[in-house]
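Counting from 1, the numbers follow the sequence of the chain as shown. Treat the numbers as computed from the prediction; the structure is a model and nothing was measured.
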Amino acid sequence: MPVMRRFWIEFDPGYSRALWWIGSYAGVTGYDEQHCLGMVADLLTDGAELPPVRHITPDVVVDDELPVSIRELGVTVWPGVWYPSMNLRYGPNFTRLPPWNSTRHPE
């Protein structure tokens, strides 16, 4: 069974309208990069598209020097977006099917 991994995603600057939180970063725990990008895309409003990705750091250690304060992070072991700290408001994100089960319930 695949394991959950932490990803630090950096988006191209200049897309602050799409990324309504401060900064062009997102911290996400999920199965792979695409799973995490999908959870970040779920946060966008008003039909905004996900900005171009500048860099993705897999297996990020939150004790490393991140460009945000550690006090701004949510729970990094739960699946979902932990920066901005969305999972503190809603809990773990179990709404998205894991990638290996995506064909389990055909539409």
Side-chain angles (χ1 to χ4, degrees):
M1 179 195 298
V3 296
M4 300 290 257
R5 299 170 65 191
R6 282 189 297 265
F7 293 88
W8 185 253
I9 303 169
E10 298 176 40
F11 296 99
D12 279 346
Y15 289 87
S16 60
R17 210 169 101 217
L19 301 173
W20 49 264
W21 57 89
I22 297 172
S24 55
Y25 310 102
V28 191
T29 298
Y31 296 103
D32 57 26
E33 291 177 5
Q34 292 305 314
H35 185 227
C36 291
L37 286 169
M39 288 188 275
V40 173
D42 288 345
L43 298 178
L44 303 181
T45 58
D46 299 328
E49 293 184 20
L50 199 62
V53 174
R54 183 172 19 156
H55 183 74
I56 298 178
T57 305
D59 305 317
V60 67
V61 178
V62 295
D63 292 344
D64 285 350
E65 200 166 307
L66 294 177
V68 298
S69 169
I70 196 166
R71 286 179 254 164
E72 298 175 24
L73 305 181
V75 182
T76 62
V77 296
W78 287 351
V81 177
W82 43 266
Y83 180 80
S85 57
M86 298 308 295
N87 65 11
L88 289 179
R89 295 180 191 156
Y90 306 113
N93 184 345
F94 294 116
T95 59
R96 289 183 160 268
L97 288 175
W100 65 89
N101 284 338
S102 60
T103 59
R104 181 187 231 182
H105 302 287
E107 308 249 346

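The structure places CD1 of Ile9 at 11.0 Å from NE2 of His55, a figure rounded to the nearest 0.5 Å. Note that CD of Glu33 is 9.5 Å distant from OG1 of Thr57, once rounded to the nearest 0.5 Å.
Applying the side chain to side chain contact (heavy atoms under 4.5 Å, CB included) criterion to Val61, with sequence neighbours excluded, gives Asp63, Asp64. Take Asp59 and apply the side chain to side chain donor-acceptor pair (under 3.5 Å) test, not counting sequence neighbours, and it matches Arg5.
One hydrophobic cluster, built from ILVMFWY side chains closer than 4.5 Å, cannot hold both Val28 and Val75; they sit in different ones. Residues Ile70 and Val60 share a single hydrophobic cluster, defined by chaining ILVMFWY side chains whose heavy atoms lie under 4.5 Å apart. In the hydrophobic clustering of this structure, Val77 does not group with Val62; members are Ile, Leu, Val, Met, Phe, Trp, Tyr whose side-chain heavy atoms approach within less than 4.5 Å, directly or through other members. Under the 4.5 Å side-chain heavy-atom criterion for ILVMFWY residues, no single connected hydrophobic cluster contains both Leu88 and Val68.
Asn87 places no side-chain N or O within 3.5 Å of a backbone atom of Gly74 that could act as its donor or acceptor partner.
Applying the side chain to side chain donor-acceptor pair (under 3.5 Å) definition to pairs two or more places apart or across chains, those involving residues 72-82 are Thr29-Trp82.
Using a 4.5 Å cut-off on side-chain heavy atoms (C-beta onward), Pro79 and His35 make no contact. No side-chain heavy atom of Tyr83 sits under 4.5 Å from any side-chain heavy atom of Leu66. The closest side-chain heavy-atom distance from Arg6 to Trp8 is not below 4.5 Å. Residues Met4 and Tyr31 have side chains in contact (heavy-atom distance under 4.5 Å, counting atoms from C-beta outward).
Across all non-hydrogen atoms, the minimal contact from Ile56 to Phe7 is CG2-CD2, 3.7 Å. Minimum interatomic distance between Cys36 and Gly30 (heavy atoms only, all atoms of both residues): SG-N, 3.4 Å.
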